[in-house]
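Computed from a predicted model, the values in this text were never measured in an experiment. Just so you know, ligand 1 is whichever comes first in the structure, and atom 1 is the first atom listed for that ligand.
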Amino acid sequence: MNGPEDAGRRRLFAAAAGAALAPAAAAAPRAGEGAWDVYVDVLVTGSGAAGLCAALEARAAGRSVLVAEALPDFGGASRRSPGILYAGGGSPLQRALGIDDSVDAMYDYLMAAGEAGQDQAALRRYCEGSAEHIAWLAQRGVDFGDRLGAAVEPLPAEGGLYYSGAETAPRYRALARPAPRGHVAAGPRGGATLVQALLGAARRVGVELRDSLAAQRLVAAPDGRVLGAVLDRAGQGLAVRARAGVVLACGGFAADDRLRAVHHRHRASVPLSWGGDSDRGRGIAMGIGAGAATAAMHCLGVLADIPVSGGIIINAAGRRIVAEDAAAGAVGSALLAQRGDCWVVADRRATPALEGGALQRAAEANSVGDLAAALGLPRGALQNSVAYYNRYAANGTDPLFQRAAPTLRPLQGPPYGAWLLRPGTGLNGACTLGGLLTDPEGRVLDGFGDPLPGLFAAGRNAACLLASPQAARGLALGSASFFGRSAGRAAAAG
Ligand SMILES: Cc1cc2nc3c(=O)[nH]c(=O)nc-3n(C[C@H](O)[C@H](O)[C@H](O)COP(=O)(O)OP(=O)(O)OC[C@H]3O[C@@H](n4cnc5c(N)ncnc54)[C@H](O)[C@@H]3O)c2cc1C
């Protein structure tokens with residue numbers, strides 16, 4: 001706690017001295033005592049996609065809304081992102097482009113490609129509502145263009161629709177009918193135009209937007225109800241009474257070394273390029289201070305777009321670790337689960353896909369045994385893995401991970417090469433996924449699963465759709481904005 005903030009709090013809450021404090025509360029001024037500086041119905045902390053969507057919904061319900069943003073600029077990671085929202089089941093853009101999609105196909109793909117342990121009810125709700133969500137955003141000025149992009153990267157210029165997941169990969173095609181679902185907001189950086197549109201919509205309906213105003217602590221009544229928050233404005237405390245509720249939408253904790261050291265341990269050094277300076281962990285800390293439970297704090301959403309082609313991915317024990325044709329997020333998770341280095345091992349046929357790319361070649365040899373020796377792997381381990389893999393791949397099966405044709409084929413033909421995969425190398429984007437435990441309405445829950453009255457959270461501040469962002473690009477932004485709306489409605493209802 002810094003000096004000016006302490007001083008501000010002492011001044012603001014002098015009248016409250018002697019009040020019984022709820023466990024969460026740094027101080028507990030009571031409405032009517034004149035200790036509050038500002039009164040609103042709904043206070044939203046954070047101005048990314050989650051916060052702005054929450055604010056718009058709360059305002060649409062007739063509430064007065066203040067959005068407080070810690071940084072001088074609005075928009076957070078949402079603004080810096082490419083502006084991809086994963087949505088389907090018949091969105092307006094899908095229909096306009098003649099794409100046949102269903103809620104079930106979208107859900108089945110996400111269940112297959114996301115990590116185990118998904119919140120199925122929340123995922124189902126997202127799949128059922130995402131098409132309407134795209135229409136809602138478009139009504140508020142978000143332009144998703146009118147083009148169908150290439151089957152994979154690069155993103156469609158001028159916005160549009162593309163396959164932002166691995167829906168067309170044979171392993172998933174067999175389980176769910178594929179459809180492009182990556183809705184990209186138009187503009188040189190889609191995230192910036194998305195945020196601009198949401199800011200414009202918020203201003204038009206009378207949401208109050210304040211930058212350089214950082215939420216510091218929640219204020220709760222003795223019975224635990226969250227009454228408001230203390231914010232920091234240039235070193236001065238500002239006490240905001242939120243009569244209906246506070247929505248925490250402060251992003252994740254990529255930039256919070258303390259929380260990362262606690263929850264990520266051996267992965268604490270993995271760079272989280274999707275987080276950046278705005279993911280300070282403060283919203284999560286405030287929620288915990290108010291008695292909230294957290295979930296999945298150890299989870300990272302990581303993409304590993306590795307051009308594996310016919311190669312295999314092995315760990316420092318010389319063993320394969322994943323179906324190499326899985327979605328980029330699933331491959332990323334498998335890599336992060338390893339403690340040591342990993343490599344792509346390729347034969348002559350698979351090598352061209354890796355040459356000249358982002359990965360560094362670590363070794364080359366004329367036999368698998370010599371390659372293993374050059375990498376310092378345990379004696380015989382890589383030879384065993386390759387022999388086992390080759391035996392079944394020759395018959396079109398992969399008993400270990402169910403990799404599918406056409407990339408399933410035996411490794412044969414020197415030279416053999418190994419390309420290093422290490423945190424920071426081969427992982428092209430990552431963010432924290434864990435956060436405050438919420439229900440699908442965005443109500444923050446305590447350790448008993450009971451809602452904390454007056455407190456709501458969304459986006460990376462909450463653990464919502466925590467496993468799914470592995471399955472496709474655009475699920476983090478999509479779920480932040482979608483569940484941000486739920487949180488705003490719930491807060492407005494009080
Ligand atoms: C370069 C990049 C690429 C990405 N690519 C993808 C992708 O391909 N697929 C995908 O799904 N996701 C991607 N993401 C991630 C995605 O954009 C984010 O997860 C999502 O936008 C988070 O939204 P949010 O509203 O929860 O948080 P944010 O947009 O980060 O907003 C949180 C806001 O809260 C503010 N804040 C923090 N602390 C406080 C406080 N104490 N008081 C007040 N305000 C506070 C922050 O400054 C910030 O403005 C990418 C992100 C980046 C940056």
Side-chain angles (χ1 to χ4, degrees), residues 43-55 66-87 153 155 162 164-165 182-185 189-192 194-195 198-199 209-218 229-233 238 240 246-256 272-287 300-303 305 328-329 428-433 435-436 457-466 468-485 487:
L43 169 66
V44 178
T45 63
S47 68
L52 292 175
C53 288
L66 168 64
V67 175
E69 165 58 50
L71 297 178
D73 295 316
F74 295 113
S78 307
R79 178 171 53 87
R80 296 194 310 279
S81 80
I84 311 163
L85 286 100
Y86 192 84
E153 310 272 328
L155 309 183
Y162 84 123
S164 67
H183 292 66
V184 186
R189 181 149 282 273
L194 175 107
V195 164
L198 293 175
L199 285 170
L209 297 157
R210 294 266 195 97
D211 63 48
S212 308
L213 185 59
Q216 296 293 321
R217 286 186 180 273
L218 294 168
V230 179
L231 296 95
D232 180 83
R233 185 183 48 188
L238 184 80
V240 176
V246 175
V247 180
L248 297 173
C250 301
F253 60 99
D256 186 324
L272 300 180
S273 56
W274 290 356
D277 189 40
S278 54
D279 272 7
R280 300 164 170 203
R282 190 75 196 190
I284 295 171
M286 285 192 288
L300 297 173
V302 214
L303 293 187
D305 285 320
N428 84 357
C431 61
T432 58
L433 294 182
L436 302 179
R460 298 278 68 77
N461 208 150
C464 70
L465 284 203
L466 52 98
S468 290
Q470 311 288 29
R473 300 193 74 176
L475 269 161
L477 189 57
S479 61
S481 51
F482 181 84
F483 289 105
R485 290 176 60 196

Closer than 4.0 Å to some heavy atom of [X] - which atoms of ligand 1 meet that?
| X | answer |
| --- | --- |
| Ala214 | 42 (N) |
| Gly46 | 33 (C), 34 (O), 35 (C), 43 (C), 44 (N) |
| Asp279 | 30 (O) |
| Leu477 | 11 (O), 21 (O) |
| Arg80 | 1 (C), 53 (C) |
| Gly251 | 27 (O), 32 (C) |
| Pro82 | 3 (C), 4 (C), 5 (N) |
| Gly459 | 26 (O) |

Side-chain touch [X]/[Y], heavy atoms, less than 4.5 angstrom:
| X | Y | value |
| --- | --- | --- |
| Glu69 | Ser212 | no |
| Val240 | Val246 | no |
| Ile284 | Thr432 | no |
| Asp279 | Leu272 | no |
| Gln216 | Arg282 | yes |
| Leu477 | Leu194 | yes |

Rounded distance (nearest 0.5 Å) linking atom [atom1] of [X] with atom [atom2] of [Y]:
| X | Y | atom1 | atom2 | answer |
| --- | --- | --- | --- | --- |
| Leu66 | Leu231 | CG | CG | 7.5 Å |
| Leu198 | Ser47 | CG | OG | 10.5 Å |
| Leu85 | His183 | CG | NE2 | 8.5 Å |
| Arg473 | Ser81 | CZ | OG | 9.0 Å |
| Leu238 | Asp232 | CG | CG | 9.5 Å |

Can you find an N or O of [X] that's nearer than 3.5 Å to an N or O of ligand 1?
| X | answer |
| --- | --- |
| Cys431 | no |
| Ala476 | yes |
| Arg460 | yes |
| Asp73 | no |
| Ala77 | yes |
| Ala215 | yes |
| Arg282 | no |
| Gly51 | no |
| Ala480 | no |
| Asn461 | no |

Residue portion contacting ligand 1 (non-hydrogen atoms closer than 4.0 Å) for [X]:
| X | result |
| --- | --- |
| Leu231 | neither |
| Leu475 | backbone |
| Ser481 | neither |

| message | So is Gly283 touching ligand 1 or not, going by heavy atoms under 4.0 Å? | response | no
| Donor-acceptor contact present, side-chain Arg460 to main-chain Ala480, <3.5 Å | no
| For Ser481, side-chain hydrogen bond (donor to acceptor under 3.5 Å, both in side chains) partners two or more places apart | His133
| Arg79: partners by side-chain hydrogen bond (donor to acceptor under 3.5 Å, both in side chains), with sequence neighbours left out | none
| request: Report the member of Gly484, Pro72, Gly474 with the shortest heavy-atom distance to atom 9 (N) of ligand 1. | output: Gly474
| message | Judged on heavy-atom distance to atom 32 (C) of ligand 1, which of Ala54, Ser278, Ala249, Ala68 sits nearest? | response | Ala249
